Amino acid sequence: MDSVFIYWDNSNIFHEAQRLAEERGEGPNARYRVRIHFDHMLRLAHADRPVKKALAAGSVPPEMRQLWNRMESRGVEVQLFDRGTPDRGEQEMPDRVLQLRMLEDALDYNGDPGIVVMLTGDGAGYLEGAGFHSTLERMHRRGWRVEILSWAHSCNQRMRKWAEENGAFIALDDFYEAITFMEPSRPGHELAAARDAAALDLSKRNTA
């Protein structure tokens, strides 16, 4: 099977985009004005290949509602959870749900594995046999091809090296101008202009 299965860790991708926007000097309050261009990010993930399944998980701040609605309108299943509590981090439930669905799909399509496209840089839990990295290794051993899309500055180095040797690592930094855009400053804040997303060039995207 050449179909793509997309698993999107939204909090990891978005929060690191905020950090990168500040580092790139995108103007005042860049951290709070940067947004992910969903259509371009989704296309970067599937690279014009047929999508069998797509799942995104994240938390439910009201300002993200437009993004979630847009994902669902494009056929992406969305799983949302309340923000973390002092005894449970924001990412605990989204991460678990993504990993569970990955393992379920690995079993359901055991005889006809596809291409796993994982959007995260989170490699935590590997030494304990848990987390995204361990799950991707399990799927790879069963014939799945693996591609990881992550910001280079935040991706777990062990997971990145493994992906480069066994599949593909796609640095989102190379597509920053196309997969992000900047909203203008809000009233009462230091003036900053908007920035539209650039055209997406898939010729730079490697595949597993």
Side-chain angles (χ1 to χ4, degrees), residues 1 3-19 34-47 49-110 113-126 128-140 142 144-151 154-156 159 163 167 170 172 179-180:
M1 178 190 292
S3 295
V4 170
F5 292 69
I6 298 172
Y7 307 96
W8 187 326
D9 176 4
N10 183 72
S11 293
N12 181 273
I13 296 299
F14 178 62
H15 292 329
E16 296 304 329
Q18 290 182 304
R19 183 189 306 181
V34 69
R35 297 290 182 269
I36 299 295
H37 192 292
F38 168 70
D39 289 338
H40 286 184
M41 183 71 86
L42 182 61
R43 187 176 177 219
L44 181 62
H46 63 63
R49 298 167 295 185
V51 177
K52 184 70 175 180
K53 288 187 176 182
L55 172 65
S59 54
V60 290
E63 63 270 18
M64 297 294 291
R65 187 66 257 176
Q66 185 176 3
L67 171 65
W68 301 130
N69 291 343
R70 192 171 185 85
M71 283 186 171
E72 291 173 330
S73 73
R74 296 295 192 274
V76 177
E77 180 184 349
V78 173
Q79 292 282 338
L80 299 179
F81 302 89
D82 292 331
R83 287 188 179 276
T85 61
D87 61 331
R88 179 172 60 83
E90 177 181 345
Q91 274 301 100
E92 184 175 341
M93 283 305 297
D95 286 1
R96 287 185 178 182
V97 166
L98 284 172
Q99 291 164 41
L100 175 60
R101 292 293 295 276
M102 292 165 72
L103 292 171
E104 289 175 345
D105 289 339
L107 289 173
D108 290 344
Y109 296 91
N110 184 52
I115 305 165
V116 183
V117 179
M118 183 83 233
L119 281 77
T120 192
D122 183 1
Y126 178 74
E128 293 77 37
F132 292 123
H133 186 174
S134 293
T135 301
L136 290 169
E137 285 195 356
R138 291 185 177 99
M139 297 179 77
H140 183 259
R142 287 159 178 78
W144 291 74
R145 286 185 278 165
V146 174
E147 299 174 0
I148 294 176
L149 280 67
S150 175
W151 303 106
S154 64
C155 187
N156 177 275
M159 186 170 70
I170 295 89
L172 295 178
I179 59 177
T180 66

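Values in this document were obtained by computation on a predicted structure and should not be read as measured data. Numbering starts at 1 and runs along the sequence shown.
- The distance from atom CG of Asn69 to atom CZ of Arg74, rounded to the nearest 0.5 Å, is 11.5 Å.
- Leu100 meets the side chain to side chain contact (heavy atoms under 4.5 Å, CB included) test with Glu104; sequence neighbours excluded.
- The shortest distance between side-chain heavy atoms of Arg19 and Trp151 does not fall below 4.5 Å.
- The shortest non-hydrogen separation linking Phe81 to Pro94 is CD1-CG, 3.7 Å.
- When ring centroids are compared, Phe132 and Tyr7 stay outside the 6.0 Å threshold.
- Note that the CE atom of Met41 and the CD1 atom of Ile179 stand 3.5 Å from one another [nearest 0.5 Å].
- Residues Asp105 and Lys52 have side chains not in contact (no heavy-atom distance under 4.5 Å, counting atoms from C-beta outward).
- Evaluation of the ring pair (Phe, Tyr, Trp, His ring centres under 6.0 Å) rule for His46 yields no partner, not counting sequence neighbours.
- Residues Ile36 and Ala17 share a closest heavy-atom pair of CD1-CB, 3.9 Å.
- Leu136 CG to Arg145 CZ: the interatomic distance, rounded to the nearest 0.5 Å, is 15.0 Å.
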Self-check item: Audit row: Val76, Arg70, side chain to side chain contact (heavy atoms under 4.5 Å, CB included) steps and yes/no
Solution: CA-CA 9 Å; Val76 177; Arg70 192 171 185 85; over 6 Å; no

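- A distance of 10.0 Å separates CG of Leu55 from CE of Met102, quoted to the nearest 0.5 Å.
- Shortest non-hydrogen contact noted between Phe14 and Val34 is CE1-O, 3.6 Å.
- To the nearest 0.5 Å, atom OG1 of residue Thr120 and atom CG of residue Leu98 are 8.0 Å apart.
- Residues Tyr126 and Asn156 are not in side-chain contact: their nearest non-hydrogen atoms beyond the backbone lie 4.5 Å or more apart.
- A side-chain donor-acceptor contact under 3.5 Å links His15 and Gln18.
- Looking at Met71 and Phe38, their side chains come closer than 4.5 Å, going by heavy atoms from C-beta outward.
- Applying the salt bridge (Lys or Arg N to Asp or Glu O under 4.0 Å) test to Arg138 and every residue at least two apart in sequence or in another chain returns nothing.
- Between Tyr109 and Phe5, the angle of the ring planes goes over 60°, which puts this pair in the perpendicular group of the 30/60° scheme.
- Looking only at side-chain heavy atoms (C-beta outward), Ile6 and Leu42 come within less than 4.5 Å of each other.
- Taking the side chain as every heavy atom from C-beta outward, Arg49 and Val117 approach each other to under 4.5 Å.
- The shortest heavy-atom contact between Ala163 and Ile148 is CB-CD1, 3.7 Å.
- You'll find the side chain of Leu172 stays beyond 4.5 Å of the side chain of Glu16, heavy atoms only.
- Side-chain contact between Thr135 and Met118 is absent, with no heavy-atom pair separated by less than 4.5 Å.
- With rounding to the nearest 0.5 angstrom, the CD atom of Glu77 is 4.0 Å from the CZ atom of Arg101.
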